[in-house]
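Side chains included, hydrogens not; waters and symmetry mates left out as well; all remaining heavy atoms used. Sequential numbering from 1 along the given sequence is applied to the chain's residues.
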Amino acid sequence: MAGIRLQPEDSDVSQQSRAVALSAADLVSDDDRSVAADSWSIKSEYGSTLDDDQRHADAAEALSNANLRAPSDYNSDKDEPDSEAVTSMLGFQSYWDAAYADELTNFREHGHAGEVWFGVDVMEVVASWTKALCVDVSQGRIPNDVDDVKAEAGELGDKLLTSWSVLDIGTGNGLLLQELAKQGFSDLTGTDYSERAISLAQNLANRDGFSNVKFLVDDVLETKLEQEFQLVMDKGTLDAIGLHPDGPVKRMMYWDSVSRLVAPGGILVITSCNSTKDELVQEVESFNQRKIATAQELDANKDEESCREPPFQYVSHVRTYPTFMFGGSVGSRVATVAFLRK
């Protein structure tokens, strides 16, 4: 499953956008496609000479119109396009299959890696920050809401990382795993429900010298994986799941599945542009409460006392992303939040 895709890499994305629009014909009407094109900026401007920063800003602005944001982020007085069509398109596997089919063709014909979700800068921040967090955790230092991740790179840190098993769910083109490999992680696995995404990721990894990275076709909502991982990464996958018409139900399925993939004592790192740090923490708290309630009910039926702990605990979040003020609150277009599996 791919994440929300920001910052196209080059002009070939205009061809990809046209192919994607055609592939979604069975999902939305002509009028809805027109609205979606305007909202998501699926148009020829993405193939123009706009610089990367401008493309990123345009895409992020369009995405914010399609987000399921908190009520404080908008009001009914704003003249915003109907984002229902965009929400449906990005939540379907057929959308991503078509998108990665085009990116795979571009790679084979031109060697292009495709898009870097959320931009290269965010990807590099996620990888370096996650490395520091894992080194801290390996040495028994668990950051809290006040303290930031403080580990410094060094030989000891690099040695500690080699023992971490890493899973990237909804890996897409797999570039995040390549970045994590550069940071010192070596046991790396990427999954995606799109076979074309996995094919692209494997081709890119082989070309770029990361043939040790494993890639598997797997849907996180119906995962066939039986292994637990010490580090699970999600960069945009939860966002995409939430954009499905059955998003709320599928998000609940997501947490049930992910809780089985993260090993006890392991870390889940989620990067989102649809949810704030506080919203992600609240969603995890809701999941924790559901799991505890279920456990207590089962124990009550067995005439036993429940002593279950919540599955996830908030650990830290990236504090270095650019922020902006809106409605009296400070926010960021991207949030990266880490949770400890208890």
Side-chain angles (χ1 to χ4, degrees), residues 1-10 12-13 15-16 19-20 23 90 92-120 122-124 126-127 130-131 161-162 164-241 257-258 261-262 269 271:
M1 181 176 298
I4 303 306
R5 305 172 335 129
L6 298 183
Q7 193 175 350
E9 186 175 83
D10 51 53
D12 283 325
V13 176
Q15 298 177 5
Q16 170 183 323
V20 168
S23 72
L90 302 181
F92 281 93
Q93 181 177 348
S94 57
Y95 176 94
W96 300 108
D97 282 340
Y100 283 112
D102 196 72
E103 288 197 356
L104 189 57
T105 298
N106 285 336
F107 168 76
R108 289 168 174 166
E109 295 181 355
H110 310 290
H112 296 164
E115 302 176 22
V116 177
W117 310 333
F118 305 121
V120 174
V122 169
M123 180 176 70
E124 292 175 347
V126 169
T130 299
K131 171 183 179 177
L161 294 179
T162 59
W164 282 73
S165 55
V166 181
L167 173 67
D168 182 24
I169 54 179
T171 193
N173 55 20
L175 293 183
L176 175 59
L177 288 172
Q178 291 194 24
E179 197 64 33
L180 289 170
K182 295 174 187 176
Q183 294 290 337
F185 293 94
S186 57
D187 185 358
L188 299 160
T189 302
T191 62
D192 201 292
Y193 67 2
S194 172
E195 290 187 27
R196 290 154 182 164
I198 292 301
S199 180
L200 175 64
Q202 190 67 70
N203 276 279
L204 285 169
N206 291 340
R207 184 196 69 179
D208 298 337
F210 298 98
S211 57
N212 61 307
V213 180
K214 300 181 289 291
F215 292 101
L216 304 168
V217 177
D218 186 72
D219 183 349
V220 66
L221 299 185
E222 300 177 356
T223 182
K224 302 299 189 294
L225 299 180
E226 297 181 355
Q227 177 183 351
E228 294 180 328
F229 297 83
Q230 292 171 283
L231 173 63
V232 174
M233 304 292 296
D234 173 341
K235 187 159 69 73
T237 297
L238 183 58
D239 286 346
I241 290 171
S257 182
V258 167
L261 291 172
V262 186
V269 176
T271 299

**Item:** Reported CG-to-CZ distance for the pair Asn203 and Phe107, which is rounded to 0.5 angstrom
**Value:** 4.5 Å
**Prompt:** Are any non-hydrogen side-chain atoms of Lys131 and Phe185 less than 4.5 angstrom apart?
**Reply:** yes
**Asked** Just by modelled atom types, is the Ala240 backbone N or O under 3.5 Å from a matching donor or acceptor in the Trp96 side chain?
**Response** no
**Side-chain touch Leu231/Val262, heavy atoms, less than 4.5 angstrom** = no
**4.5 Å side-chain heavy-atom contact, Lys224 and Asp219** = no
**Prompt:** Would you call Leu216 and Leu225 a side-chain contact if the rule is heavy atoms closer than 4.5 Å?
**Reply:** yes
**Sub-4.5 Å side-chain heavy-atom contact between Asp218 and Tyr193** = no
**Item:** Whether Ser165 side chain and Gln230 backbone form a donor-acceptor pair below 3.5 Å
**Value:** yes
**Ile169 side chain reached by Val232 side chain, heavy atoms, under 4.5 Å** = yes
**Message:** Can you confirm whether the side chains of Asp97 and Ser194 place a donor and an acceptor under 3.5 Å from each other?
**Reply:** yes
**Prompt:** Has the side chain of Asn206 got a donor or acceptor atom that lies under 3.5 Å from a matching backbone atom of Phe210?
**Reply:** no
**Prompt:** Got a salt bridge between Asp168 and Lys235, using NZ or NE/NH1/NH2 to carboxylate O under 4.0 Å?
**Reply:** no
**Message:** I'd like to know if the side chain of Glu228 reaches the main chain of Leu261, judged simply by a donor and an acceptor atom lying under 3.5 Å from each other, with no hydrogens or angles considered.
**Reply:** no
**Request:** Would you mind telling me which of Arg108, Glu115, Arg196 makes a side-chain contact (heavy atoms from CB on, under 4.5 Å) with Glu103?
**Result:** Glu115
**Request:** Return yes if some donor-acceptor pair links the side-chain N/O of Asp192 with the main-chain N/O of Gly172 below 3.5 Å, else return no.
**Result:** yes
**Asked** How many angstroms lie between atom CH2 of Trp117 and atom CG of Asn173, to the nearest 0.5 angstrom?
**Response** 5.5 Å
**Prompt:** Leu180 pairs by side-chain contact (heavy atoms from CB on, under 4.5 Å) with which of Val126, Leu175, Val166?
**Reply:** Val166
**Request:** Look only at the side chain of Ser257 and the backbone of Val220, and say whether a donor-acceptor pair between them is shorter than 3.5 Å.
**Result:** yes
**Message:** When you compare the side chains of Gln178 and Asp208, does any donor N or O come within less than 3.5 Å of an acceptor on the partner?
**Reply:** yes
**Note, Leu167 side chain near Thr191 side chain (heavy atom, < 4.5 Å)** = yes
